[in-house]
Enquirer: 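Submitted below is the structure of interest, expressed as structure tokens.
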There are 2 protein chains.
Amino acid sequence: MLRTRLDTARIRAARRIIDPVFLDTPLYRCAALEPDLGCAVSIKLETANPVRSFKARGTELVASRLADGGPSAVVCASAGNLGQALAWSGGRRGIDVTVVATRHATVAKLDRIRALGATLELVDGDHELARDRAAAIAQQRGIRLLEDSLDIETCEGAGTIGLELVDSAPAVDIVLIALGGGALATGVGHVLKEQAPHVEVLCVQPLGAPAMTRSWHLRRVVTTESTNTIADGVAGRRPIPAVLDDLLLVADDAILVREASIIRGMRMLLDQAGLVAEPSAALGNAAILENPDRFAGRHVVTIVCGSNVDMAAYHRWVDPDQR
Amino acid sequence: MLRTRLDTARIRAARRIIDPVFLDTPLYRCAALEPDLGCAVSIKLETANPVRSFKARGTELVASRLADGGPSAVVCASAGNLGQALAWSGGRRGIDVTVVATRHATVAKLDRIRALGATLELVDGDHELARDRAAAIAQQRGIRLLEDSLDIETCEGAGTIGLELVDSAPAVDIVLIALGGGALATGVGHVLKEQAPHVEVLCVQPLGAPAMTRSWHLRRVVTTESTNTIADGVAGRRPIPAVLDDLLLVADDAILVREASIIRGMRMLLDQAGLVAEPSAALGNAAILENPDRFAGRHVVTIVCGSNVDMAAYHRWVDPDQR
């Protein structure tokens with residue numbers, strides 16, 4: 001039988017390590033979204049912090065442990081949010097941070113990584129190539145490689161969101177979680193399944209980047225040749241076997257959504273909730289829009305997991321004149 | 001000698017009455033704003049809650065006390081945010097809520113007031129006429145009139161923001177507060193001046209609605225004939241004498257800003273911080289933009305006090321194509 005790598009006691013302990021600015025984020029019913037979505041909707045907002053995503057919950061753990069060992073260095077591959085978070089967490093602890101990203105990443109994310117003092121290396125190619133390059137750098141320099149979703153800190157850091165959701169769980173039927181590498185889904189899912197097993201854990205991925213969802217359904221790793229989605233934060237092609245194993249234990253389902261629904265989800269969050277969401281953060285709304293019967297009459301929490309967007313693209317997505 | 005109407009012990013007690021969804025809102029350093037503003041900037045975000053403004057901190061106190069007395073009814077005049085908050089707080093306690101607003105109010109605010117189950121009455125004319133009409137309704141029906149800034153609950157509810165700021169006050173030099181009727185400024189200012197007197201309390205109002213600012217400088221109530229600003233939430237003409245007295249005790253200065261700066265402030269909050277702010281919530285940014293020398297090198301907190309906007313107008317304000 002499969003055993004999870006995650007541990008709830010460690011996740012509880014993580015709350016004492018993570019800077020409080022990233023904890024106890026807003027969780028509130030958003031009635032203005034409900035007429036269009038046909039269900040009760042609550043928002044868990046992970047964007048009102050110095051890096052505008054949930055990723056620092058994990059990088060705080062990594063950087064704190066590294067700093068305990070004295071002067072150190074760390075490298076990660078990132079679509080942009082993990083890199084920003086690691087730059088923030090490492091920077092304030094005197095850790096030398098290198099981030100590898102694809103040249104096609106969201107410019108606003110790359111700019112923030114640099115502004116936060118990290119060394120940024122760009123690769124031609126996609127996120128998987130950046131992962132390879134980060135691993136090579138770590139080996140060459142003999143420094144810590146932070147691998148998103150594989151390294152347990154990234155999953156257990158995200159798991160602290162699960163602890164915060166459990167407090168309100170008696171009233172919640174479903175939690176919608178953006179699925180990329182799997183750190184957010186396994187972290188939150190683990191805590192929910194252990195502490196509030198009646199809550200349905202629903203993962204959502206773009207049709208244009210379906211590797212982990214397909215892997216979950218087939219119960220074995222499936223890779224894809226390419227990705228094609230605006231949801232850059234979840235656009236992986238090579239699921240990590242250990243993460244899939246953890247996900248198989250906690251997800252009730254994994255579903256794929258269209259790009260048009262992601263855009264509608266972003267627009268709806270802006271127009272009706274006054275929230276800027278990056279495409280990955282609108283996956284939950286997209287799932288409800290595409291499957292209204294599945295959610296009708298239920299109370300759904302959607303985790304708005306990041307708000308780092310290039311404004312030119314964002315305006316194209318949300319402006320009424322462009323619809 | 002003037003004595004304030006506010007009481008810090010009561011403000012502390014208010015934290016136990018206000019629904020926690022409105023308390024302990026995000027407070028975080030926003031480095032992405034700093035290059036343009038030339039100072040250290042932290043955001044106190046009051047928009048990530050069911051009514052998208054700070055006003056429910058006050059209406060929770062009002063509605064809770066009313067509900068303690070059995071079936072009851074209440075009426076208020078509102079530019080839209082107080083009305084939404086009262087509709088939310090009253091609605092869930094079975095209180096009959098009537099809101100009087102001007103026909104020219106932000107449509108999104110009026111829609112939400114209705115959606116939250118309050119009776120909405122519109123008047124031809126401006127906010128001061130709505131205040132008169134609300135008072136008349138209260139007298140005719142023999143029900144509670146809630147007067148923003150005059151009724152101590154609105155000030156002391158806002159004062160709970162001050163308690164949350166005090167925790168970080170040693171590192172803060174200036175707090176920027178939108179000034180309208182004065183509830184937010186007197187509430188936050190009172191707690192700051194009592195608990196962290198070294199922090200400068202700076203009120204900001206639009207040049208197009210300067211009554212309270214002029215009154216503060218002249219130390220007597222000054223009214224204006226009209227208002228002309230997009231910052232609907234702070235567009236009053238007739239300051240309340242008792243509120244001015246309280247404000248004189250706690251504000252270090254009150255400054256006026258131009259409409260163009262308010263728009264730049266909103267745009268900057270969207271582009272660089274990923275935050276939707278209504279015009280009143282961008283007054284702080286406008287103040288820094290207009291007075292860079294005054295803020296240079298200091299650590300400033302700006303309270304993003306509301307995000308209720310009509311989207312058509314908002315797109316005109318923030319879209320790059322319209323600049």
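Naming convention: chains lettered A, B, ... in sequence-line order (proteins, then strands); numbering from 1 in each chain. Just so it is clear, the structure is predicted and the values come from calculations on it, not from any experiment. Side chains included, hydrogens not; waters and symmetry mates left out as well; all remaining heavy atoms used.
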Enquirer: Quick check for you: among A/E278, A/R29, A/R112, which has the greatest number of heavy-atom pairs under 4.5 Å with chain B?
Expert: A/R112
Enquirer: Given B/N308, which partner from the list B/T106, B/T47, B/N81, B/D232 fulfils the side chain to side chain donor-acceptor pair (under 3.5 Å) test?
Expert: B/N81
Enquirer: Count the heavy-atom pairs under 4.5 Å between each of A/L275, A/L116, A/V276, A/L45 and chain B, then report the option with the highest count.
Expert: A/V276
Enquirer: Under the side-chain contact (heavy atoms from CB on, under 4.5 Å) test against B/L86, which residue among B/V74, B/T154, B/I95, B/D148 passes?
Expert: B/V74
Enquirer: Below 4.5 Å, heavy atoms only, C-beta onward: do A/F295 and A/I174 meet side chain to side chain?
Expert: yes
Enquirer: Below 4.5 Å, heavy atoms only, C-beta onward: do B/L270 and A/H315 meet side chain to side chain?
Expert: yes
Enquirer: Output the residues of residues 48-55 of chain A for which the shortest heavy-atom distance to chain B is under 4.5 Å, in residue-number order; output 'none' if no such residue exists.
Expert: A/A48, A/N49, A/P50, A/R52
Enquirer: Quick one: list whatever passes side chain to side chain contact (heavy atoms under 4.5 Å, CB included) with A/T25, sequence neighbours left out.
Expert: A/K44, A/E46, A/R57, A/E164
Enquirer: Would a 4.5 Å heavy-atom cut-off, applied to side chains only, mark A/N285 and A/L33 as touching?
Expert: yes
Enquirer: Which residue out of B/A31, B/A115, B/S307, B/C30 racks up the most heavy-atom pairs below 4.5 Å with chain A?
Expert: B/A31
Enquirer: So which part of A/A273 gets closer than 4.5 Å to some heavy atom of chain B, the side chain, the backbone, both or neither?
Expert: backbone
Enquirer: Is chain A contacted by the side chain of B/A108, its backbone, both, or neither, given a heavy-atom distance below 4.5 Å?
Expert: neither
Enquirer: Taking salt bridge (charged side-chain N to carboxylate O under 4.0 Å, His left out) as the definition, give me every residue that meets it alongside A/D310, ordered by chain and number, with sequence neighbours left out.
Expert: none
Enquirer: Side chain to side chain contact (heavy atoms under 4.5 Å, CB included) with A/S64: which residues, sequence neighbours excluded?
Expert: A/I17, A/D68, A/R93
